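Worth saying up front: this structure is predicted, and the values here are computed from it rather than measured. Naming convention: chains lettered A, B, ... in sequence-line order (proteins, then strands); numbering from 1 in each chain.
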Amino acid sequence: MAKQVQQLDRVVIRFAGDSGDGMQLAGDQFTSETAVFGNDLSTLPNFPAEIRAPAGTLPGVSSFQLHFADHEITTPGDAPDVLVAMNPAALKANLPDLPAGRDIIVNSDEFSARNLAKVGYASNPLDNDALDSWRVHKVALTSMTIEALKDTGLGKKEAARAKNMFALGLLSWMYHRPTDGTLRFLEKKFAKLPQVAAANVAAFRAGWNYGETTESFGVSYEIKPAVMKPGVYRNISGNLALSYGLIAASRRSGLPLFLGAYPITPASDILHELSKHKAFGVRTFQAEDEIAGIGAALGAAFGGALAVTTTSGPGLALKSETIGLAVSLELPLVICDIQRGGPSTGLPTKTEQTDLLQAMFGRNGEAPVPIVAAQSPGDCFDAAIEAVRIALTYRTPVFLLSDGYLANGSEPWSIPDLDRLPQLTADFAVATDEPFLPYERDPETLARPWAVPGTAGLEHRIGGLEKADKTGEISYDPANHALMVGLRQSKVDRIAQSIPPLQVDDPSGVARVVVLGWGSTHGVIDAACHRVRRRGIPVAQLHLRHLNPFPADLGGLLRSYDRVVLPELNLGQLALLLRARYLVDVIGINQVSGMPFRAADLEDSLWDILQGVDT
Amino acid sequence: MSLDSVSLDVDLRALAGVPKTEVAQKAKDFKTDQEVRWCPGCGDYVILAAVQGFLPELGLRRENIVFVSGIGCSSRFPYYMNTFGLHSIHGRAPAIASGLAASRPDLSVWVVTGDGDALSIGGNHLIHALRRNVNLTILLFNNRIYGLTKGQYSPTSEIGKITKSTPMGSLDFPFNPVSVALGAEATFVARTIDSDRAHLTSVLRAAAAHEGTALVEIYQNCNIFNDGAFDSLKDPETRGQWLIPLEHDAPIRFGADGSLCVVRRDGDLCVVRTDSVDAAEVVVHDAEADNPSLAFALSRLPGQDLRYTPVGVFRSVRRPTYDRLMADQIAQAELTGDADLGALLRGQDTWTVPATASA
């Protein structure tokens, strides 16, 4: 019987299960299949901080949402079209996000009285009318997986662990995904455990075949590849792109990469990734704490390395003093802050933009540090290179802000042409006949010489005490201190001269309202602006890469609009800076829930604000 | 002093990667034009002179030597050394020096620190540097007091010490830096005294020759806030009876004509009159023993009054250094791996959107 094939232009799927159910893995693999197929996509992994929260409970639910389409998309989708729920907890935790009429694929085997009781279901929702508003597909995922693997020699419990692959196989059939990549991935991942590899492959195939033969699924769906700019693409997450950006910058500058880091969610994957690439001369130093991580990096910077430290909010707090020293030493250093929910330990696996003011001001004394922010997973690559450019050119520590959403989310990435990457230079100082002056400055950039040990004639001593202009000797002179404070500030201010003019996106050319943003909100702001424009109100969109210093043309640009609206995942941190700097009345749209904005919410907020504007 | 004859005496395996100078150096080559700003009479002057006097022996290029310090009186040391120098922040010098040494095997990296800097605020970095065994020489100036903040007790001050912050006496029990270092898996631990230039120099020489992290505790007098802290080890009247010079592979005898010695009693070490025991009973020092038990037991001999303080090299063993292992991994990866940036960025799964399909 030939099944019906239906064409769709976009789908949002959410895989949800226990944190031990392998939902992130299933989601990642479905994403890879989707990327290779050529859809545009965006993902939102959402998982608890606990490695294995108590099984079957609401706090233990882990989910992975994927939005894919035959056209360009910029967000992981507000609400799922299909919810895959591996147990009652996953169903209960995710049902509020699922609009009526959408599909639920549910693992009916896990709806035991005990599992139902754990999450407070008095009766089985699969047996009563609780789910009547949705299209429910009851699938005995666990028992069918065990049945499919009965000849593999695995015990029931082990066999049942492959149920995520059964689910992936079923979904892959439903959406006509290519399967070669997944099969290759499984063979490789379990290369040392051939029995497990075979079991996972068998479960995946069984899931696919079940879709093809069962009458429970009468329709499969086709989402054609998206029309994208020509190029070679891959799928990439933010932390991976950031790691690659650093390696590319190391290559481009000819400087060996040195990472000093202490593991912290959600930044650890950068340490993991860079530690794999020793063939590129990358040194990774897992330090005893956050302070030693940046300390070792700063030591390596003094020695002439491309030095990097990675962290998240609480770790950044610990690094503050060393960042101040880097400001005083005027050495290149990239500080990657993969922001998460705060304050304190906060929400380790969730996303926020709440470290901007910490990056801007979190030091004693007048200690300006440039700030660069990435706006999408793939953009972490370019943002990393830009951070390195500023650090090397101006001999300064630089913040690279990413966040949990960018770090773990992924999207198709057009692989860059290596020849077109920015050229980065790091001219070490050389000895001349004149006495060496470690704080003599380049007249254009105000950068001081980078004089690395091993260079005869450049022996010098520097530290965190205030230094005399030019000579770098200790100086407590009031006029000199005022001069040095001014020079350090001017140096950072001058970076603005190297920032290209801002590009405002305003298809109408007549918008009176500009929607400003920074960091990971780019995609959702873009989506919300499109929706508002489709409803007939022109709006301009502007997204900032540089948050310190601001681009030279920012002030004039903001003043040229009647209203400046600024959605941020904080209580108004960039808004505070802009108001202080430009005396512009910035209207904030703020959310601090640990989750990204939803496009529909942002659209509504924008719409409300626009009602008060004469457009 | 002939450069060649001295250099040959020092096993420079630890400094094999550091370029040598072709010009003979003198102590004054290591002096800077900076006015030394320690208090008159401070023990730091003696240590500075000893280091400047000893470095020419190593015959290293000055530009390949780096002194890194933290905060405190001792941490001003780099300003007075005509090498590369980094005066960093409180307690963090071992971490900063570790990053520098791990990324630059061609440098001779020294850390100058004090009892507050190394054992209080920087205690964590010190123990991890020691276990990691990066090629560093750490000079820990121990004056058992905070000097730069003007006289509070330190983590090595004797319990009950009356200071500005402890008018009724300090309550916390002190660290024994040698015991701490041995417990932290250090491969080289030594102790010396600022007043004995010859001993100080011999210990510096052994520390410089050591491949890995070397910790040298230097008893240093703060004549302003803790004057005379080590007088019992310097006074000719008591020195002989209280100070135990350690020599590798030699029986541990001290005092006038070796009248006192160290023996084992009930599994512990103690000091007895030499003529009261058989010669075979006298403990023979073994700094190169893989097991640090003897070195640790020796470090526990002195009481809070410093009676029976061993000086010299407690422990000196070989263990692969962190920086060398790191360099080996990179060399191995470079040999077998493919550093093709284009291939890295492409990864395993790519797809191509042809030009004709563009919108």
Side-chain angles (χ1 to χ4, degrees), chain A residues 32 35-38 181 184 227-235 244 247-248 251 256 258 260 277-283 285 287-289 291-292 295-300 302-305 307 321-322 324-325 329 415-416 418 453-465 473-474, chain B residues 19 32 34 61-69 71 78-79 81-90 92 94-104 106-107 124-125 127-128 326 329-330 332-334 336-339 341-342 344-355 357-359:
Chain A
S32 292
V36 169
F37 184 73
R184 253 203 328 273
V227 177
M228 293 160 92
K229 282 183 191 154
V232 179
Y233 286 81
R234 62 171 289 169
N235 184 48
Y244 286 177
I247 293 172
R251 265 298 169 85
F258 184 98
H277 300 296
K278 295 180 170 60
F280 287 86
V282 178
R283 281 176 157 80
F285 182 90
E288 58 270 23
D289 58 28
I291 299 171
L298 186 59
F302 185 67
E321 190 190 17
T322 312
L325 178 62
L329 295 179
I415 296 163
L418 298 185
T455 320
L458 301 189
E459 295 85 352
H460 66 285
R461 278 68 51 189
I462 52 176
L465 287 168
E473 289 170 6
I474 298 171
Chain B
T32 63
Q34 300 294 299
R61 291 193 184 174
R62 274 191 301 118
E63 65 269 22
N64 285 77
I65 301 173
V66 185
F67 278 82
V68 182
S69 65
I71 293 293
Y79 288 114
M81 294 296 303
N82 193 10
T83 61
F84 278 83
L86 190 47
H87 176 215
S88 75
I89 43 178
H90 209 8
R92 318 304 171 198
I96 292 170
S98 291
L100 179 61
S103 58
R104 290 287 305 270
D106 62 324
L107 301 179
N124 196 34
H125 307 306
I127 58 174
H128 288 278
M326 186 182 232
Q329 282 193 344
I330 286 176
Q332 192 190 345
E334 285 173 342
T336 55
D338 189 8
L341 183 60
L344 177 75
L345 300 188
R346 281 191 300 278
Q348 300 296 320
D349 296 309
T350 59
W351 71 97
T352 302
V353 177
S358 76

To the nearest 0.5 Å, what is the distance between CG (Leu341(B)) and CG (Leu418(A))?
5.0 Å
Find the distance between CZ (Arg283(A)) and CD (Gln329(B)) and round it off to the nearest 0.5 Å.
10.5 Å
Select, from [options], the one with the greatest count of heavy-atom pairs under 4.5 Å involving chain A.
| options | value |
| --- | --- |
| Asn82(B), Val66(B), Asp106(B) | Asn82(B) |
| Thr352(B), Asn64(B), Leu345(B) | Leu345(B) |
| Leu344(B), Thr336(B), Ile71(B), Asp338(B) | Leu344(B) |
| Gln34(B), His90(B), Gln348(B) | Gln34(B) |
| Ser88(B), Ala101(B), Ala95(B) | Ala95(B) |
| Thr350(B), Ile89(B), Val68(B) | Ile89(B) |

Could you tell me which portion of [X] (side chain, backbone, both or neither) has an atom closer than 4.5 angstrom to a non-hydrogen atom of chain A?
| X | value |
| --- | --- |
| Arg104(B) | side chain |
| Arg92(B) | side chain |
| Leu107(B) | side chain |
| Thr83(B) | backbone |
| Gln332(B) | neither |

Based on non-hydrogen pairs under 4.5 Å, which of [options] is most in contact with chain B?
| options | value |
| --- | --- |
| Gly464(A), Gly231(A), Ala305(A) | Gly231(A) |
| Glu321(A), Arg251(A), Glu459(A) | Glu459(A) |
| Gly454(A), Gly463(A), Ala307(A) | Gly454(A) |
| Asn235(A), Leu298(A), Thr455(A), Leu329(A) | Thr455(A) |

If I measure from the heavy atoms of chain B, does [X] come under 4.5 Å with its side chain, its backbone, both, or neither?
| X | result |
| --- | --- |
| Ala456(A) | both |
| Phe258(A) | side chain |
| Ile462(A) | both |
| Pro256(A) | neither |

Working note: Asp349(B) + Arg184(A), criterion side-chain contact (heavy atoms from CB on, under 4.5 Å); need CA distance, chi angles, decisive distance, verdict.
CA-CA 11 Å; Asp349(B) 296 309; Arg184(A) 253 203 328 273; 2.8 Å; yes
Mind telling me whether Phe302(A) and Phe84(B) have parallel, tilted or perpendicular rings, with 30° and 60° as the class edges?
perpendicular
Hey, are the side chains of Ile330(B) and Lys278(A) touching, using non-hydrogen atoms and a 4.5 Å cut-off?
yes
Shortest non-hydrogen pair, Phe285(A) vs Ser98(B), comes out as CZ-CB, 4.0 Å
Assess the residue pair Asn124(B) and Ile291(A) against the criterion (side-chain contact (heavy atoms from CB on, under 4.5 Å)); give the C-alpha distance rounded to whole Å, side-chain angles, the decisive distance to 0.1 Å, and a yes or no.
CA-CA 10 Å; Asn124(B) 196 34; Ile291(A) 299 171; over 6 Å; no
Output, in order, the C-alpha distance, side-chain angles, deciding distance and verdict of side-chain contact (heavy atoms from CB on, under 4.5 Å) for Glu288(A) and His125(B).
CA-CA 7 Å; Glu288(A) 58 270 23; His125(B) 307 306; 3.0 Å; yes
